[in-house]
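First the structure, in the form of structure tokens, and then the observations on it.
Quick note: numbers below take in every heavy atom, side chains included, and nothing from hydrogens, waters or symmetry partners. The sequence lines fix the lettering, A, B, ..., with proteins before strands; numbering per chain opens at 1.
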Amino acid sequence: MLSIPFMQLGDLHISTPFKGISPSAGYMRRQELIGALKSAVEIIKSNNIPILFITGDLYENNYITQPTIVEISRLLASIPNTSVFISPGNHDYIHKRSFYTNWEWPSNVHIFTSPSVQRIDLNDVPVSIYGFAWDKPELAFPMDMKPNDASRINVAVIHADALSPSSPYLAIEPKKLMSWNMDYIALGHIHKPYAIDIHTQLRPLDTDSIQASAAYAGSTEPLNVSEYGDHGIIVGALSKNHASIRLLPIAKRRVINIDVSLTDCQTESDIKEKILTSASKSGTKNDMYSICLKGRVEAHLRDSIANIAGSITPQFFSLSIIDQTIPDYDLDYIKQQHSNDIIGKFVEYMEDEIQAAGPEQQLILRQSLYMGLEALLTQ
Amino acid sequence: MIIVKLYLTNFGKFKNRVLDLTPGLNIIYGANEAGKSTVRSFIEGMLYGFKKPNAAKRIFTEEKQRYKPWLNTTYAGAMEYSTDNKIYRIERDFLNDKISIYDAESGNALEYAVLPGTREPDIITRHWQLNAISFANTISIDQRNTFSSKAMAKEVADTWLNVAQAGIQDVSINHAIKYLSDIIDTIGSDSAPTRPWAKAHQKLEQLESEHAMAEKRISEMQENIARAHVLRIEINDIRTGKVIDESQTALLKNRKQLLETKLKSFDNIEQHIEQLMSIERQLQETKSELEKLRPIEANENMENEITAIQRRRWLYAISGCIVLIATIKFPPSAMALIPIIGLTVYDRHNEKKLRKQIQHSSYQLKNQREALDKKYAELENTKHQIFDIIGVQDITQAIELIKQKDILTLEIEQVNNECKQVKQKSIHDKEVELAALEARTEAMLSDIRPLAAIEEEMEYIKQQIKDMDIQKQAAYKAISVIKKLSDQIQSDFSIYINDASTPLIKHMTDGRYNSINISNDLQIKVIDPGNNVLVPLEQLSTGTIDQLYMAVRLTIADMLSEHKKLPLIIDDAFSEYDDKRLKNAIEYIAELAQKRQVIFMTCHKRDVQALQNLNARYNSIEL
């Protein structure tokens, strides 16, 4: 059976700003997004992969500048024997001044620049590629496409949301996708690697090879603290009726989200030790950590958490610490012990207010409570 | 409530020391470093276990370490106290934080609930009604709580104020509010430009304008890129001749078109002119042929011959006549007539033949002339037809046309050249524009940071501002709640203090003042009943203030313990006092001891002496 190797990548979001990491780490991460494309290109070169699908959100319209486009353009030009297909998505949608339409792209790069479905045939292999371009940041229309030559291997390259039916980003249900009778659909938009297998089952995609009807490669590099797990590109082979694919985790860094309880920590070095140990258990210093501190910490010790965090941050590529510890006050006990004085009354009063407040206000009131207690008890 | 016995099994410097205490006044005397303070700390430790109050888990105070015996491996003690007609015994192992509570008479261990956090038995707090802080700040008095003369009045007033506001001396509302205000101050506001709040906002403003600039540049860049793309396509198209640049060559193009249309009308002019020329040539030829037709030599010759023949005929006639005459004279001479007649006949024949020939030749000539004339006329006709076609009157005009056409062709060539130049100039201009665009694009991006980086920093600052805002809001809220509660408590408590302290004041000042007044602005004054004048606290004698101070502490203790009459523990509090002040204080203590247990620790013989002078009854313990 005819089997044609291909690579799929999507949601690189080149030039994106990063939230939740330090500005200097953000700067490096942006370089690493280009680096990810470079890695993918190297893999294509060394494996002579003839087809590359880029499923949209390759870059971000709002932030992209010419030098970066030059870099992307050069990389794609360095694989002249590989046909590259780009379907613009919601972050790199086509507009009047889009780089997709105002730039001389290498001749091996085919960009779908029309909002209506277009078909491009490969000359040397019986493969037809269907795609279209987003022309605005949100899309909702009853998307449909039908291959018009069943003898060829028909592939759709699109940017759409197959996971949430109410998404403003072109929601399409997996069943609908299957009804198009494409042999494979390269999807973009969802940042977690997912595959729709040949039984129309949506499932996370990992490094094990599977037969799929459609798949998201996910974001090539994790883009925010919620994008934990493996990230990279899809490599595989197209054949009639399905594609054999697997995730190739080329992402340079991983996102590590952990909760660390500081309840047993008595000293600053205890806290430091606890954070460092927990971090090294979950990943390496090159990873991007988001550590949520929990538990009860003695009030004076709690004040130094920011300093401790500051002192260990340089050891990591990126470490953001969310302090959700609560001061080591036993409110019930305090109320009991101070039933006659302002401390007890303060706790009671604040607890009543917290109970009655909405979540946003609760955050402030809880701080108020502990701050006030600190003020009243630290004399 | 009476403390009955203290068993210092292994505590500080004490080892297996038992102290028996009685109701009323107990004096524990010991030289410096004999361990008086150790005894007081022992009582606190037995009751509260040297743990930080309020914490949700066990955290020990530094005292625990301080009284740990150096040499012994145990660190323990026991204490008995009576309350509600029962004697309780607490046994404590400080080392392992173990505690047991017994009914001292039956020896039965008591079941008790454990307080969360400190893991202390709730039964002790239930008996004493005080927590560790209020214990230390009411019934346990040591040097830490006493004052040198000068600042004393103010200190007492402050203490009192705090008590009035907060119920226990440990809580200072002013302190708390200052603490919270400091938080707000440290963050700062818009009006404090050097503080983090204003700095962050300034930074954010800077970033916002940087962001606007970067956005503008990116927009310009996109504009430039789009324009550059168009230029490249245009240059390529002009080069490959796909299009010519409309704007630049439009005029020339029009002119060229005009010229070319005009030229088209001259399309066959050369042919026509050539035709005309050939016609003219033919006409000339015909004409000359016609001219040639007139003087025909042959005919002339024949005419001449005929003339010669006619002339010769006369000669023959004369010769004949002569011969005839001669014949008459000489007949043989008639012979001579034969050649003459012969010649005459011959000539005749020749003449006839010539005449015939002449006639024939004339006919031929006539025919030729007629043909030539016809041809000439036809040629003339064709010529005029051509003149009509090309619109001229004569051949000179026609030749003029050729000149015109040559000029036109030249002009078109010029226009073509001009077009070419314009095209090259157009490419050049576009290339220059393109180069400028590219340079500008590069330059406009060179001095700005990536928009994403600016946004990241903005996000960072915004988060900082948000955190600060939450902190400020939280601090403001805490202040307002504390103030509100404090006002409420103050008014409740002032009433209580006023009520409770009135008899004390009366007694202590021998009726000179009969009540305390705590005003809304927290000024404490006593009222002179004689004239109802409010007298500031600091105007009272130091002795009176001491007593007031103790009285207030006891009043609070009584209030908190619901009048359990808790023991008063005084640890060397009077060492700085002068004799008179000491006397007053001792008198007051002796008086108090009539109503409650007083444990008075001192290293001063004069204190003991003062008591002896009063003839007071007391239980004396020497360390």
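Heavy-atom distances place no part of R449(B) under 4.5 Å from chain A, backbone and side chain included. Contact of T101(A) with chain B is made through the backbone alone, with heavy-atom distances under 4.5 Å. Contact of Q471(B) with chain A is made through backbone and side chain together, with heavy-atom distances under 4.5 Å. Looking at I479(B), neither its backbone nor its side chain comes within 4.5 Å of chain A, counting heavy atoms on both sides. With a threshold of 4.5 angstrom between heavy atoms, E215(B) does not approach chain A through any atom at all. Both the backbone and the side chain of Q473(B) come within less than 4.5 Å of a heavy atom of chain A. Proximity to chain A is limited to the side chain of L445(B), based on heavy atoms less than 4.5 angstrom apart.
Within the model, atoms CD1 of I364(A) and NZ of K472(B) stand 12.5 Å from one another, a figure rounded to the nearest 0.5 Å. Residue N224(B) holds its CG atom at 8.5 Å from CD of Q66(A), rounded to the nearest 0.5 Å. Atom CD1 of I59(B) sits about 6.5 Å away from atom CD of Q266(A), to the nearest 0.5 Å. Considering OG of S98(A) and CD1 of I225(B), their distance stands at 11.5 Å, rounded to 0.5 Å. Atom CG in L485(B) sits 6.5 Å away from atom OH in Y349(A) (nearest 0.5 Å). Atom OH of residue Y460(B) and atom CD1 of residue I21(A) lie 12.5 Å apart, to the nearest 0.5 angstrom.
Proximity of K345(A) to K484(B): side-chain heavy atoms (C-beta onward) are nowhere separated by under 4.5 Å. Considering only heavy atoms from C-beta on, K477(B) stays 4.5 Å or farther from M371(A) through its side chain. Looking only at side-chain heavy atoms (C-beta outward), E455(B) and Y63(A) come within less than 4.5 Å of each other.
Within residues 435-444 of chain B, the residues having any heavy atom under 4.5 Å from a heavy atom of chain A are, by residue number, T441(B). Within residues 301-309 of chain A, no residue has any heavy atom closer than 4.5 Å to a heavy atom of chain B.
Of all the heavy atoms in S368(A) and A475(B), the pair that sits closest is OG-N, 4.4 Å. Residues A474(B) and Q367(A) share a closest heavy-atom pair of CB-CB, 3.6 Å. Nearest heavy atoms, V481(B) versus M350(A): CG2-SD, 3.7 Å. In terms of heavy-atom proximity, F18(A) sits nearest to E456(B) at N-OE2, 2.5 Å. The heavy-atom pair separating I218(B) from I64(A) by the smallest distance is CG2-O, 4.3 Å. Of all heavy-atom pairs spanning S15(A) and A452(B), the tightest one is O-CB, 3.3 Å.
Heavy-atom pairs under 4.5 Å with chain B were tallied for R366(A), E353(A), E60(A), K96(A); the largest tally goes to E353(A). Options Y370(A), F99(A), Y27(A) differ in how many heavy-atom pairs under 4.5 Å they form with chain B, and the most are formed by F99(A).
Within a 6.0 Å radius of OH in Y112(B), other residues, nucleotides and ligands contribute more than 12 heavy atoms. By the 6.0 Å contact criterion, CD on E208(B) is enclosed, its count of non-hydrogen atoms from other residues, nucleotides or ligands being greater than 12. Heavy atoms of other residues, nucleotides or ligands lying less than 6.0 angstrom from CD of Q31(A) number more than 12. The environment of K64(B) atom NZ is dense: over 12 non-hydrogen atoms of other residues, nucleotides or ligands sit within 6.0 angstrom.
Looking at E220(B) and R97(A), no side-chain N of the basic residue comes within less than 4.0 Å of a carboxylate O on the acidic one, giving no salt bridge.
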